[in-house]
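Keep in mind the model is a prediction, meaning the values are calculated, not measured. Throughout, a chain's letter reflects where its sequence line sits, starting with A, and its residues are numbered from 1. Scope of the values below: all heavy atoms of this structure, side chains included, with no hydrogens, waters or symmetry mates.
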2 protein chains.
Amino acid sequence: MFSKACEYAVRATLLVASHSLMDERVSVKDIAEATASPVAFTAKIMQQLNRGGILYSVQGKQGGFEMTREQMQATKLSQIVTLIDGDRVFTGCGLGLRECNAKKPCPLHERFSTVRGELKAMLDSTTVLDLALGLKDGLTFLRV
Amino acid sequence: MFSKACEYAVRATLLVASHSLMDERVSVKDIAEATASPVAFTAKIMQQLNRGGILYSVQGKQGGFEMTREQMQATKLSQIVTLIDGDRVFTGCGLGLRECNAKKPCPLHERFSTVRGELKAMLDSTTVLDLALGLKDGLTFLRV
DNA sequence: TTTAAATCGGATAAAATTATCCTGTTTAAA
DNA sequence: TTTAAACAGGATAATTTTATCCGATTTAAA
Ligand code: SF4
Ligand code: SF4
């Protein structure tokens with residue numbers, strides 16, 4: 001469904017958000033540990049999230065990553081997915097046709113575009129804050 | 001969403017089915033051409049489809065691939081996806097957690113499993129015959 | 001019987017994704 | 001001022017996925 005990079009990105013963002021709700025800043029090391037992700041790969045992804053304006057990074061000792069409540073509210077999951085994976089999951093053909101042309105539909109067109117639309121609607125309507133709250137309260141988890 | 005191999009597999013299966021509806025057998029070369037897929041890779045996938053009982057292969061001159069109407073009716077898209085990609089798309093975690101434990105859900109659990117279930121229901125309720133009919137009638141297409 | 005079309009399957013290659021390493025810079029604390 | 005923690009970013013490595021190649025076998029037609 002999503003790339004590993006994208007899964008790590010969402011997990012990392014939610015972890016940063018839940019800590020920011022408690023006014024804590026987290027390091028890459030903390031993030032990788034808490035989300036069971038490879039640390040160096042996670043570091044790369046944090047750079048992308050920072051450049052994409054999803055969160056803030058603070059350099060130097062005592063540095064790390066943090067989010068404002070505004071960012072948490074403004075950031076929908078679909079934005080993170082698009083930032084890391086592009087829009088293929090939202091616009092791509094279920095059967096892999098290079099170009100989606102409704103006048104020349106693939107056999108799965110009707111049924112697939114319905115489900116794809118539901119996925120997009122779900123990710124469009126879910127904010128980082130929505131999910132970070134449950135995480136902060138210990139109701140949900142980011143690693144097994 | 002699906003691997004390239006899986007996309008090729010579904011496209012190839014639908015092509016074989018539509019031709020079998022007209023009592024025509026098709027070669028790997030024909031399939032690759034008609035579905036805009038790499039021929040050698042498609043050949044490998046045809047072997048998997050044959051071993052998996054999705055369709056029949058006929059060796060030797062005038063050989064190729066074919067499906068019975070029973071196979072078309074019995075084969076749901078979900079079976080092809082499972083054969084090629086396994087069940088990760090149906091059972092995997094949207095955030096990539098290794099083990100899905102409803103008692104220890106990821107933050108996206110509720111929303112993701114809903115959409116994932118709709119995808120599965122769609123693929124479970126769609127047979128190869130359903131899609132091959134529109135293809136045979138020229139209403140849908142397998143390449144741009 | 002010979003030939004050629006076609007699948008089978010193992011080996012290999014190319015490309016993309018995932019993951020690591022290392023050096024430099026920033027910055028707070030000692 | 002020195003030190004060490006921490007991110008930035010370029011280079012490289014490992015793994016997986018995608019793709020190709022080739023010799024062997026099967027089989028219908030010439
Ligand atoms: S809509 Fe149908 S045709 Fe267009 S891309 Fe999706 S699946 Fe393929
Ligand atoms: S069910 Fe929820 S927790 Fe379990 S895997 Fe799917 S999304 Fe993750």
Side-chain angles (χ1 to χ4, degrees), chain A residues 1-13 15-16 19 24-67 81 83-86 88-89 92 96 98, chain B residues 1-12 15-16 19 24-67 81 83-86 88-89 92 95-96 98:
Chain A
M1 187 78 73
F2 309 116
S3 68
K4 280 284 167 196
C6 186
E7 293 174 352
Y8 295 152
V10 175
R11 299 220 298 267
T13 301
L15 185 84
V16 171
H19 279 265
E24 291 170 8
R25 191 180 287 163
V26 282
S27 68
V28 168
K29 188 161 161 291
D30 295 336
I31 295 167
E33 162 67 22
T35 63
S37 307
V39 56
F41 196 47
T42 299
K44 291 297 186 202
I45 289 163
M46 297 316 294
Q47 291 180 26
Q48 288 190 70
L49 292 171
N50 178 43
R51 291 193 208 106
I54 305 294
L55 41 69
Y56 290 111
S57 83
V58 179
Q59 288 197 28
K61 198 164 179 176
Q62 300 289 100
F65 297 88
E66 60 190 28
M67 285 184 92
V81 171
L83 179 68
I84 306 296
D85 280 351
R88 69 176 172 77
V89 73
R98 271 192 295 274
Chain B
M1 186 79 71
F2 309 115
S3 70
K4 279 285 167 196
C6 185
E7 292 174 353
Y8 296 151
V10 174
R11 298 220 298 269
L15 185 84
V16 171
H19 279 264
E24 291 170 8
R25 191 179 287 163
V26 283
S27 67
V28 168
K29 188 162 159 290
D30 295 337
I31 295 167
E33 162 66 21
T35 62
S37 306
V39 57
F41 195 48
T42 299
K44 290 299 185 201
I45 289 162
M46 297 317 293
Q47 290 180 24
Q48 287 190 71
L49 292 171
N50 178 44
R51 290 194 207 105
I54 305 295
L55 41 69
Y56 290 111
S57 82
V58 180
Q59 288 197 28
K61 198 166 180 176
Q62 301 289 99
F65 298 87
E66 60 190 28
M67 285 185 91
V81 171
L83 180 67
I84 307 294
D85 281 351
R88 67 175 173 79
V89 73
L95 298 191
R98 271 192 296 274

Query raised in the report: Between dC7(D), dT27(C), dT18(C), which one does the side chain of Lys61(A) approach most closely?
Result: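 Per side-chain heavy atoms of Lys61(A), the pick is dT27(C).
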Query raised in the report: With respect to the side chain of Gln47(B), which nucleotide from dA4(D), dC21(D), dG9(C) is positioned closest?
Result: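 Nearest nucleotide to the side chain: dG9(C).
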Query raised in the report: Taking atom CZ of Arg88(B) and atom CZ of Phe2(B), what is their separation to the nearest 0.5 Å?
Result: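 It comes to 9.0 Å.
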**Report entry** Evaluation steps, side-chain contact (heavy atoms from CB on, under 4.5 Å), between Ile54(A) and Gln48(A)
**Finding:** CA-CA 9 Å; Ile54(A) 305 294; Gln48(A) 288 190 70; over 6 Å; no
Query raised in the report: Considering heavy-atom distances to DNA chain C, does Gly60(A) or Val26(B) have its closest nucleotide positioned more toward the 5' end?
Result: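 Nearer the 5' end of the strand: Val26(B).
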**Report entry** Along DNA chain C (nearest heavy atom to each residue), the more 5'-positioned of Val39(A) and Lys29(B)
**Finding:**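 This one resolves to Lys29(B).
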When you measure from the side-chain N and O atoms of [X] to the phosphate of [N], is any distance below 4.0 Å, counting only OP1 and OP2?
X: Arg51(B); N: dG9(C); value: yes
X: Asn50(B); N: dC8(C); value: yes
X: Ser57(B); N: dC8(C); value: yes
X: Tyr8(B); N: dT18(D); value: no

Roughly, in whole Å, what's the span from [atom1] in [X] to [atom2] in [N]?
X: Ile45(A); N: dA19(C); atom1: CD1; atom2: C1'; result: 10 Å
X: Gln48(A); N: dT18(C); atom1: CD; atom2: P; result: 11 Å
X: Glu24(A); N: dA6(D); atom1: CD; atom2: P; result: 14 Å
X: Leu49(A); N: dA8(D); atom1: CG; atom2: P; result: 11 Å
X: Gln59(A); N: dA5(D); atom1: CD; atom2: P; result: 17 Å
X: Arg98(B); N: dT18(C); atom1: CZ; atom2: P; result: 15 Å
X: Phe41(B); N: dT12(C); atom1: CZ; atom2: P; result: 19 Å
X: Phe65(B); N: dT26(D); atom1: CZ; atom2: P; result: 16 Å

Requested in this report: Compare every heavy atom of Ala9(B) with every heavy atom of Leu49(B), then report the nearest pair and how far apart it is.
Outcome: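 What the structure gives for the nearest pair is CD1-O, 3.8 Å.
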Query - Nearest non-hydrogen partners of Leu95(B) and Glu7(A), listed with the distance - result: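 Distance-wise, the nearest heavy atoms are O-CB, 3.5 Å.
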Heavy atoms under 4.0 Å, any strand shown: does [X] hit a base, just sugar-phosphate, or nothing?
X: Gln62(B); value: sugar-phosphate
X: Tyr56(B); value: nothing
X: Lys44(A); value: base
X: Gly63(B); value: sugar-phosphate

Query raised in the report: Are any non-hydrogen side-chain atoms of Leu15(A) and Arg11(A) less than 4.5 angstrom apart?
Result: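 Answer no - side chains too far apart.
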